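Note that the coordinates shown come from a computational prediction; the quantities given were computed from them, not determined experimentally.
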Amino acid sequence: MKKILITCLALGFFFTSCEFDKGFEEMNVNPNSAAQVGVATKITKLQTDISGSRYENWRNSLIYNSTIVQHHAENNWWAGDTYNRNDDWSFAQWNQAYGGMVKGVQDIIHQLETEGDTGTHMGIARILRVFIFHRVTDLYGDCPYSEAGKGYIDGILKPKYDKQQDIYMDMLKELEEAVAQISGDGALGGADVMFAGSAAKWKAFGNSMMLRLAMRLTAADAATAQAWAVKAIGGGTMTSNDHIAAVKHGDGSSGRRNGHGEVFLVDQGSRISTTFMSRMTGDPRKTRLFMRAGDKSQAEADLVGMVNGLKNDPYTDLDGNAIPAAGDTSVYAMVATELQSLTAPMVLQTYAEVEFLKAEAAIRGWISTSDKDHYEAGVTAGMKMLEGIYGTAPITDAEISAFLAGDGAYKAGGTVAERWEQVMDQYFIATYLNEYEAFSNWRRSGFPTITATRHPNSYTGGKIMVRMIYPTAESGSNAENYAAAVANQGADSYTTPVWWDK
């Protein structure tokens with residue numbers, strides 16, 4: 001009985017400490033503890049942490065990212081589409097990553113090293129580590145990376161901020177090596193709530209992530225982008241919707257719910273932006289993704305977008321234009337009921353995204369396959385995946401064919417710029433509710449074209465936000481390294497671009 005009690009207390013300490021300790025001083029659990037928790041249990045928790053709670057999915061993903069890129073509009077208090085400052089919201093992903101995810105993955109890697117498990121499980125852990133850090137660096141730029149999460153192991157309490165360029169080069173290397181380490185399905189089974197331990201799917205995800213990161217560098221370092229994109233595609237990326245990287249949420253019980261679903265459970269205020277809706281002409285996804293807020297009608301004629309920047313009261317914008325009050329927002333479209341599910345998988349990367357990135361690579365002449373074929377495969381996958389992920393009404397082959405022959409027909413004879421924009425507009429649609437990626441790819445590509453709102457109280461003076469700011473505590477608790485990051489990257493401002501955003 002005494003042994004059982006001790007084990008329960010140890011498990012309880014592990015889970016609570018990872019969630020509530022957000023400082024760098026305790027960046028790891030004790031790897032020499034007699035009550036060491038098994039790697040399988042830790043992998044489950046880490047993947048659930050990466051999926052995210054209501055906290056960061058509300059603040060970073062939806063309030064900021066989804067409205068900055070104008071998937072959503074919101075007339076009340078959301079900050080993103082009128083560029084207002086809210087520190088708690090801006091810091092949310094940083095706090096969650098360094099407070100739990102980074103500690104968790106470093107602990108797993110240390111435990112695997114200690115146990116001599118350097119094969120498939122280590123490869124999986126390294127891929128997850130890259131995913132965690134790529135999301136952080138894409139939002140904030142330079143950040144603790146090489147020394148992060150090593151407070152207990154190496155006694156590093158004030159980790160340096162690595163330059164984003166260096167972080168990217170190392171993440172690409174990590175993915176290449178991680179994929180090579182995966183040689184069999186391993187022993188995780190159902191504890192792996194992404195791929196149930198499937199080596200083939202983890203390899204495809206690792207290479208697909210490599211492609212995503214490679215294409216992020218197109219403006220900053222095209223030669224490096226091309227080399228890694230070709231390597232990723234040659235290594236074997238996702239080939240169907242069966243390869244979608246998503247964290248499963250089971251029955252939606254407390255602690256295992258979809259973070260976006262938890263937001264929609266308590267906040268029904270967001271609407272679909274006219275920027276998004278204008279790109280849905282003739283698209284059968286329109287009647288699956290959206291519903292009219294007032295009566296939940298999904299009839300196409302009832303689905304109208306709301307202009308970004310509207311508020312409850314009228315105002316005069318920074319350019320002297322009279323902006324009317326939002327009025328009755330129940331007439332506008334919002335996210336459909338199926339996509340608000342607490343049990344829906346949280347998507348990290350899809351096969352549709354991979355096909356659109358391949359289409360871009362083909363447009364750039366980096367690969368010899370057809371950009372038109374990749375575009376059409378991406379559109380098809382993006383339409384078919386909605387039923388599998390969210391349980392929406394299926395989109396038929398006939399509907400897809402009609403779209404690809406009509407409003408969605410590929411501009412095969414168009415200019416490079418026209419074809420790239422068309423592909424990126426589809427990427428924008430396919431990444432709805434994957435708002436971290438939508439925000440990053442918009443900054444990287446410039447598509448879709450977004451018009452800034454000009455509210456007089458905008459913290460940025462009416463300029464679109466292009467990064468999140470560092471937590472204010474960093475300038476005190478890690479002052480020297482924070483100052484070095486600002487000196488390298490530029491002012492700690494919402495309008496200072498990250499390295500790859502040229």
### Message
Looking at W420, I'd like to know if the NZ or CZ of R364 sits under 6.0 Å from its six-membered ring centre while staying within 45 degrees of the ring's axis.
### Response
yes
### Residues in salt bridge (Lys or Arg N to Asp or Glu O under 4.0 Å) contact with D221, at least two apart in sequence or another chain
none
### Query
Who pairs with R212 by salt bridge (Lys or Arg N to Asp or Glu O under 4.0 Å), at least two apart in sequence or on another chain?
E353, E437
### Within residues 299-356 or reaching into it, pairs that qualify as ring pair (Phe, Tyr, Trp, His ring centres under 6.0 Å) - sequence neighbours excluded
Y315-H455
### Task
Any chance you could measure M169, atom CE, to L213, atom CG, to the nearest 0.5 Å?
9.0 Å
### Query
Which of parallel (below 30°), tilted (30 to 60°) and perpendicular (above 60°) describes Y432 and H71?
perpendicular
Are the charged groups of [X] and [Y] less than 4.0 angstrom apart, N to O?
X	Y	value
D170	K173	yes
D302	K296	no
D501	R443	no
E56	R135	no
R444	E360	yes
D295	R292	yes

### Task
Check whether any side-chain heavy atom of R467 sits under 4.5 Å from a side-chain heavy atom of T496, and report yes or no.
yes
### Query
So do the side chains of S493 and Y459 get within less than 4.5 Å of each other, counting heavy atoms only?
no
